[in-house]
4 protein chains.
Amino acid sequence: MRTGTGAGMPQRGAVGAEERIRAAAVRLWSERGFHGVGIRELAEEAGLSSATLYHYMGTKEDLLADVMSRGLRRLVLAAERVTQQRAGAGPRMNALVQLHVLTHALRPRETRVVDGELRALSGDRRGGVMSLRDEYERYWRATIDEGRASGAFRVEAPGMARLALLEMCTGVARWYDPGGPMALSEVALGHAQLASRVLGAEELELVDEVDWCRGLVGEIWSGPGGG
Amino acid sequence: MRTGTGAGMPQRGAVGAEERIRAAAVRLWSERGFHGVGIRELAEEAGLSSATLYHYMGTKEDLLADVMSRGLRRLVLAAERVTQQRAGAGPRMNALVQLHVLTHALRPRETRVVDGELRALSGDRRGGVMSLRDEYERYWRATIDEGRASGAFRVEAPGMARLALLEMCTGVARWYDPGGPMALSEVALGHAQLASRVLGAEELELVDEVDWCRGLVGEIWSGPGGG
Amino acid sequence: MRTGTGAGMPQRGAVGAEERIRAAAVRLWSERGFHGVGIRELAEEAGLSSATLYHYMGTKEDLLADVMSRGLRRLVLAAERVTQQRAGAGPRMNALVQLHVLTHALRPRETRVVDGELRALSGDRRGGVMSLRDEYERYWRATIDEGRASGAFRVEAPGMARLALLEMCTGVARWYDPGGPMALSEVALGHAQLASRVLGAEELELVDEVDWCRGLVGEIWSGPGGG
Amino acid sequence: MRTGTGAGMPQRGAVGAEERIRAAAVRLWSERGFHGVGIRELAEEAGLSSATLYHYMGTKEDLLADVMSRGLRRLVLAAERVTQQRAGAGPRMNALVQLHVLTHALRPRETRVVDGELRALSGDRRGGVMSLRDEYERYWRATIDEGRASGAFRVEAPGMARLALLEMCTGVARWYDPGGPMALSEVALGHAQLASRVLGAEELELVDEVDWCRGLVGEIWSGPGGG
DNA sequence: GATGAATGAGCATTCATTCAT
DNA sequence: CATGAATGAATGCTCATTCAT
């Protein structure tokens, strides 16, 4: 997808096209996978002809790389904010978890694509996406390390703990049902507590970051796509 | 896929064919997904022509349902054994976790297919697989309930804890690398400890079930396919 | 097949494509039957790739239904004209027979497909085609009934006579050879006479409708397809 | 299909196999056409495996040629009998028509295959079948010629009349319904009368040959297949 | 006599993609 | 900006047929 339209504000109907295409892709791919959805169906979902699609994107795989990169960049952006605005390993980790869980609960389609379609990317493009993912995970790694150094966390295998926590929190996008019995904030706070247990930091008080995170998610994920 | 060949020992190339097909499918699907692998490639991987494939299976989707059901039945079988042979919520949960982790670390391909291709199944067949998955999760649910009742576990939202734990342990199949820095037993015991923390049962002693589980996995997962 | 191209004159290769496809189908199917001709061969005969074929049609069966419906609609249209422009059972039947025979002699391929491939249509589509056929036969039925009522025809079993006559006249498409010994007008008039005998109306004078019918056939069957 | 089993009487289950195969072919082909039915379905209908089928027949096309030849030989045989046992063009034609109609009404499946699948036969085999058909039609031709010579028939174009009559009478196999409103004998006698009209021989008395023909059809068409 | 296993070629259909307009 | 037309390659699957047992 061509990088940017330059102007600061959407001007013509066409401006929304890229956005609509990405939205259609996310909707469809999150449900049936990259290989399970054809270009024609994608075009129909976006309200365009399949030929017009190619005006806005490169190949199908380019579109996937674009969608994944944008999603990951938003995750990175959010994690960066948390690090800037929350000090101390405990509060930071608490916020990171609540943010991750909220993002995955509020944006299950985007996150499922980001998390599950890496294998559909070939060599070169995969590398770029993986390094973005690593960039995101680095916030977790750093915070866990920090907590271990300060004595706030007690974990023997911090790498494994990080992976275990990420898998646990990412899983929310696979099972959370907004119409189900659990309130969103319960899930977020609940996972924050589980994380504190996993990290051996139970005595820490768990600040409720749900509203703040919700605002952050809203700010970062709404709008024309975080390009 | 037709049920069984009956005879006790593989005699001709044909005997192993069904098995070879399933193995090929697991290998390929775990890496590129159900929709990412064509019938011809599957056949080649199994050492057959694509026409011969259809001698042994119904449709491609039938094969997927077969592979998933067999995998899940093995998981159920193993969980059943744990429940029979380990008494008390703590020891049981400990064994369930170590078993799940070991299975996912030793059989990452099978478990990734089982866990990730549900969406490729259409209506009727999906139901069958989902009920098997529910059957498996019931062992976890029951054990958590038991531990909460006995006071061994302290969790506020047991449903969420179960899902969080399952996602966490299942994730092992996505990241564990046998050539990597972590020993398999460390991962298994490590997750058992994380689970005990998640469930608020830290004071419980964590019996090392790795060898026993390894035997169980070997017994249940080797052989002609757990039909 | 999409309805029409609107423009009054063929301009580019694409305009005639639908027409060319139907013509190819009629040519091939009339000789080897619907199931005897593959899509690739059809495409080749139409001068397109098999993928392009699907740009213009739905399924192969859709194309058959389209071809049959168009043929039958033309038959109906012609019979309607006869009924409007010829009064009295005798003259009408005479014209209907000559028209039917001429159509089947001049358009043996279209009529053979219309007459012989009903079984290749599945349920729903078959019904539509059958009702068109019934519509056409209704003109014969009505005319025979009229002739019986007026005393012009003497037949005991009018239903059987209608079927017998239709089979007899339709058969022309199966054996008439324009390069053979019989002139087209002889065949048409000859059948008109046989029909008058079958209906017990020998004393009636047989007007030669060959030229008029030929004009009608030319008018109705030429052109972009009678959609 | 290998020509004969030699012995005069069916001995083993296998003896019936060829017969069952032909019967299955006739059943299926008459409904969906030669190209519309696969070998596997044919085998299933005959109660055999598709491989076993090939024990009894050559290729699929060989089987078709066999089925068609046998049918036509039976038609020829019956026409021969008529010629031997009925003297005079009028009575002979009367019997030929009633026999043809009865055969097509009682054996619609066999006759539809005989009549409609010639195009599925390639070059060499088609010639053989066509000459059998010609042999059959020769009885009609000869009888019409005889009637014209003796003054019993008055037709101008005897060739066309023959074809018209054959098409008319053959059509019975396409529309006659034993459960419908017309009795079989009505159809047979009715067509005999239409034929006499077509041939300009109305003054001739129409002997009811239905019972005799029925016997002939029963004799010739029952039994192990008229090989 | 009968069949499971096997296959190359073919089936109807869809794929992602290009391009002239 | 947008699309209808076009296609080579691939899709999942079935074809008629052979052959060792």
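So that the names make sense, note that chain A is the first sequence line, chain B the second, and so on, each numbered from 1. Here the structure is a predicted model, which means the values were calculated and not measured.
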Whole-Å distance, C/I21 CD1 to E/dA12 C1', equals 15 Å
Contacts of B/V37 and C/L53 projected onto DNA chain F by closest heavy atom; the upstream (5') one is C/L53
pair B/I39-B/M57: side-chain heavy atoms closer than 4.5 Å: yes
Whole-Å distance between F/dT11 C1' and B/L28 CG? 16 Å
Whole Å only: how far is the CD atom of B/E18 from the C1' atom of E/dA6? 15 Å
Integer-rounded Å distance: E/dC15 C1' and B/H35 NE2: 14 Å
If you round to the nearest 0.5 Å, how far is OH of C/Y54 from NZ of C/K60? 8.5 Å
Is it the case that the side chain of B/R32 and the backbone of B/V37 share a donor-acceptor pair, with hydrogens and angles ignored and the cut-off at 3.5 Å? no
Where the side chain of C/S30 meets the backbone of C/V26, is there a donor-acceptor pair that is under 3.5 Å apart? yes
Out of F/dC13, E/dA12, F/dC1, minimum distance to the side chain of A/Y56 belongs to F/dC1
side-chain contact (heavy atoms from CB on, under 4.5 Å), that's the test. Do A/L64 and A/V113 meet it? Break it down for me. CA-CA 9 Å; A/L64 175 59; A/V113 171; 4.0 Å; yes
Shortest side-chain distance from C/A51, nucleotide among F/dA9, E/dA16, E/dA6: F/dA9
Comparing nearest nucleotides in DNA chain F, the 5'-proximal residue of the pair D/F34, B/G38 is B/G38
Interatomic distance, C/K60 NZ vs E/dT13 P [rounded to whole Å]: 8 Å
Between E/dA12, E/dT17, E/dA5, which nucleotide gets closest to the side-chain atoms of A/R40? E/dT17
Quick one: C/E44 CD to E/dG10 P, roughly how many Å, whole number? 13 Å
What is the distance from CD1 of B/I39 to P of F/dC15, rounded to the nearest Å? 16 Å
Between F/dC15 and B/Y54, is there an OP1 or OP2 to side-chain N/O distance shorter than 4.0 Å? no
Answer yes or no: does a side-chain N or O of C/H55 lie under 4.0 Å from OP1 or OP2 of F/dA5? yes
Distance below 4.0 Å between D/T52 side-chain N/O and E/dT3 OP1 or OP2: yes
Only pairs with both distances under 3.5 Å count, Watson-Crick or wobble alike; so what is the partner of F/dA6 in this structure? E/dT17
What is the distance, rounded to the nearest whole Å, between atom CG of B/L48 and atom C1' of F/dC13? 16 Å
Regarding B/S50, tell me which of base, sugar-phosphate or nothing describes its non-hydrogen contacts under 4.0 Å with the strands shown. base
